[in-house]
2 protein chains.
Amino acid sequence: MKSQLKRGTLELCVLSLLWRGDCYGYELVNKISDVMQITEGTIYPLLKRLKDNRTIDSYIVESQEGPPRKYYTITDLGRTLKEEQEEEWYSFSEAINKLLKGDGTV
Amino acid sequence: MKSQLKRGTLELCVLSLLWRGDCYGYELVNKISDVMQITEGTIYPLLKRLKDNRTIDSYIVESQEGPPRKYYTITDLGRTLKEEQEEEWYSFSEAINKLLKGDGTV
DNA sequence: ACAAGGTACTTTGTAATGCAAGGTACTATG
DNA sequence: CATAGTACCTTGCATTACAAAGTACCTTGT
């Protein structure tokens, strides 16, 4: 059940992290799982969707500590989407908070 | 896409409204759609799930202004779940906000 | 009486997506 | 060489918001 809450926000989380700097997939998994429980099975398909979308792009970097890393970088389109989704998130979460508190609005 | 955000929170919204007093389905649709766009096709199946769950219960009341209304009332189990989900929502939304703002945590 | 519109409920099917589970392959360490 | 850690990817399932369509009742205007 809890997993349902993540829907729609995970994409924003990824865009937000990439907005601050390129990351590879495994790194994103680690960073995000500090904040909420997720696994690779969630992130890799999401990254693929975002790449198909042209929201992000990728490039390979060799590593001496293991297999090569696929770094992701946010595109201009991605930046636009990130701004939009951030707006949406804030207004949505405020609406929920308002409803939960039962301010006159409802 | 926006619809994805609602996942997991709609149930909490319904429980929260019923926590404050019994409502019939159509009334819930109207109250919630003040805050976010939803339709009957979303609420009625949800109410059915919650009833199967024993989270809520229902009773029929005749109406002079149209067809009889099916009022829903929250059960003790429902109250417990509402408290839990409310907690979850607050901690989840704060975690997202923290990630979006890029506080040291990530 | 009858059409139109609002109230109220229900069901069916579809799309989106988080996640478990399984797989590949490389490097370093014991 | 076995194990563990890093890093990637794919398949299939479960959940759930929602469009669409249908039923049935009451009120109001003509």
Side-chain angles (χ1 to χ4, degrees), chain A residues 1-15 22-33 35-53 55-56 58-72 81 85 88-89 92 95-96, chain B residues 1-15 22-33 35-53 55-56 58-72 81 85 88-89 92 95-96:
Chain A
M1 160 115 28
K2 183 142 195 222
S3 77
Q4 297 300 320
L5 275 184
K6 296 172 202 163
R7 295 202 173 230
T9 58
L10 251 184
E11 183 174 322
L12 173 57
C13 288
V14 167
L15 292 181
D22 296 359
C23 291
Y24 53 99
Y26 198 76
E27 191 182 4
L28 285 170
V29 174
N30 289 331
K31 285 190 175 182
I32 296 178
S33 63
V35 166
M36 60 176 134
Q37 209 236 313
I38 55 155
T39 65
E40 296 160 284
T42 304
I43 289 294
Y44 287 118
L46 171 59
L47 289 172
K48 192 168 189 309
R49 283 198 297 276
L50 293 178
K51 193 173 176 190
D52 291 346
N53 262 357
T55 303
I56 62 177
S58 65
Y59 54 91
I60 302 288
V61 175
E62 293 299 325
S63 161
Q64 293 94 307
E65 305 149 52
R69 295 163 174 175
K70 192 189 253 184
Y71 275 85
Y72 291 91
L81 287 179
Q85 291 185 17
E88 258 181 30
W89 162 254
F92 174 78
I96 298 289
Chain B
M1 159 114 31
K2 184 145 194 219
S3 77
Q4 297 300 319
L5 275 183
K6 297 172 201 162
R7 295 200 173 232
T9 57
L10 251 185
E11 182 175 323
L12 172 57
C13 289
V14 167
L15 292 180
D22 296 359
C23 291
Y24 53 100
Y26 198 75
E27 192 183 3
L28 285 171
V29 174
N30 288 331
K31 286 190 175 182
I32 296 179
S33 62
V35 167
M36 60 176 136
Q37 209 237 314
I38 54 155
T39 66
E40 296 160 283
T42 304
I43 288 294
Y44 287 116
L46 170 59
L47 288 171
K48 193 169 190 306
R49 283 198 298 275
L50 293 178
K51 193 175 177 189
D52 291 346
N53 261 356
T55 303
I56 62 178
S58 66
Y59 54 92
I60 302 288
V61 174
E62 293 299 326
S63 161
Q64 293 94 304
E65 306 150 50
R69 294 164 174 174
K70 193 187 254 185
Y71 275 82
Y72 292 92
L81 286 180
Q85 289 185 19
E88 257 182 31
W89 163 254
F92 174 78
I96 298 289

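Letters A, B, ... are given to chains in the order of the sequence lines, protein chains preceding strands, and every chain is numbered from 1. Only heavy atoms go into these numbers, but all of them, side chains included; no hydrogens, no water, no symmetry mates.
Between the OH atom of B/Tyr26 and the C1' atom of D/dC26 there is a distance of 13 Å, given to the nearest Å. Between B/Arg49 atom CZ and D/dC18 atom C1' the separation is 11 Å, expressed in whole Å. The nearest whole Å value for the distance from the OH atom in A/Tyr24 to the C1' atom in C/dC26 is 14 Å. Atom CD of A/Glu62 is separated from atom P of C/dA25 by 16 Å (rounded to the nearest Å). Put simply, CG on B/Asn30 is 10 Å from C1' on C/dA8, counting in whole angstrom units. Between B/Glu11 atom CD and D/dA17 atom C1' the separation is 13 Å, expressed in whole Å. Distance, A/Gln64 CD to C/dA28 P: 8 Å, rounded to whole Å. The nearest whole Å value for the distance from the NZ atom in B/Lys51 to the P atom in C/dC9 is 12 Å.
When heavy atoms are screened at a 4.0 angstrom cut-off, B/Thr39 is found touching the sugar-phosphate backbone but no base atom. Among the heavy atoms of the strands lying under 4.0 Å from B/Gln37 are primed sugar atoms or P, OP1, OP2 only; no base atom is included. Nucleic acid contact for A/Gly25: sugar-phosphate only, since backbone atoms but no base atoms lie under 4.0 Å from a heavy atom of the residue. Within the nucleic acid shown, B/Leu46 has no heavy atom closer than 4.0 Å to any nucleic acid atom.
Panel note: side chain A/Lys6, backbone A/Gln37; a donor-acceptor pair is recorded below 3.5 Å. Without hydrogens or angle criteria, B/Tyr44 side chain to B/Tyr26 main chain gives a donor-acceptor distance under 3.5 Å. With hydrogens and angles ignored, the 3.5 Å screen pairs no side-chain donor or acceptor of A/Glu11 with any backbone N or O of A/Gly8.
Ring pair A/Tyr59/A/Tyr71 is parallel by interplanar angle, where below 30° counts as parallel and above 60° as perpendicular.
For a distance-only test at 3.5 Å, the side chain of B/Arg7 qualifies as a donor-acceptor partner of the base of D/dT15. Side-chain atoms of B/Glu40 come within donor-acceptor range of the base of C/dC9, with a qualifying N/O pair under 3.5 Å.
Side-chain nitrogen and oxygen atoms of B/Thr42 include at least one within less than 4.0 Å of the OP1 or OP2 phosphate oxygen of D/dC18. Not one side-chain nitrogen or oxygen of A/Lys48 sits closer than 4.0 Å to the OP1 or OP2 atom of D/dT10. Regarding contacts with the backbone of C/dT10, every side-chain N or O of B/Tyr44 stays at 4.0 angstrom or more from both OP1 and OP2. Remark: B/Ser3 is not in phosphate contact with D/dA17, judged by side-chain N or O atoms under 4.0 Å from OP1 or OP2.
A salt bridge links B/Glu65 with B/Arg69; the closest basic N to acidic carboxylate O contact falls under 4.0 Å.
Ranked by how close their nearest DNA chain D nucleotide is to the 5' end, B/Gly41 and B/Glu65 are led by B/Gly41. Judged by closest nucleotide on DNA chain C, A/Leu10 is the one of A/Leu10 and A/Ser63 placed further toward the 5' end. Where A/Pro45 and A/Gly66 meet DNA chain C, the nucleotide closest to each residue was compared, and A/Pro45 sits on the side nearer the 5' end.
Looking at every heavy atom in both residues, A/Leu47 comes nearest to A/Gly25 through CD1-CA, 3.9 Å.
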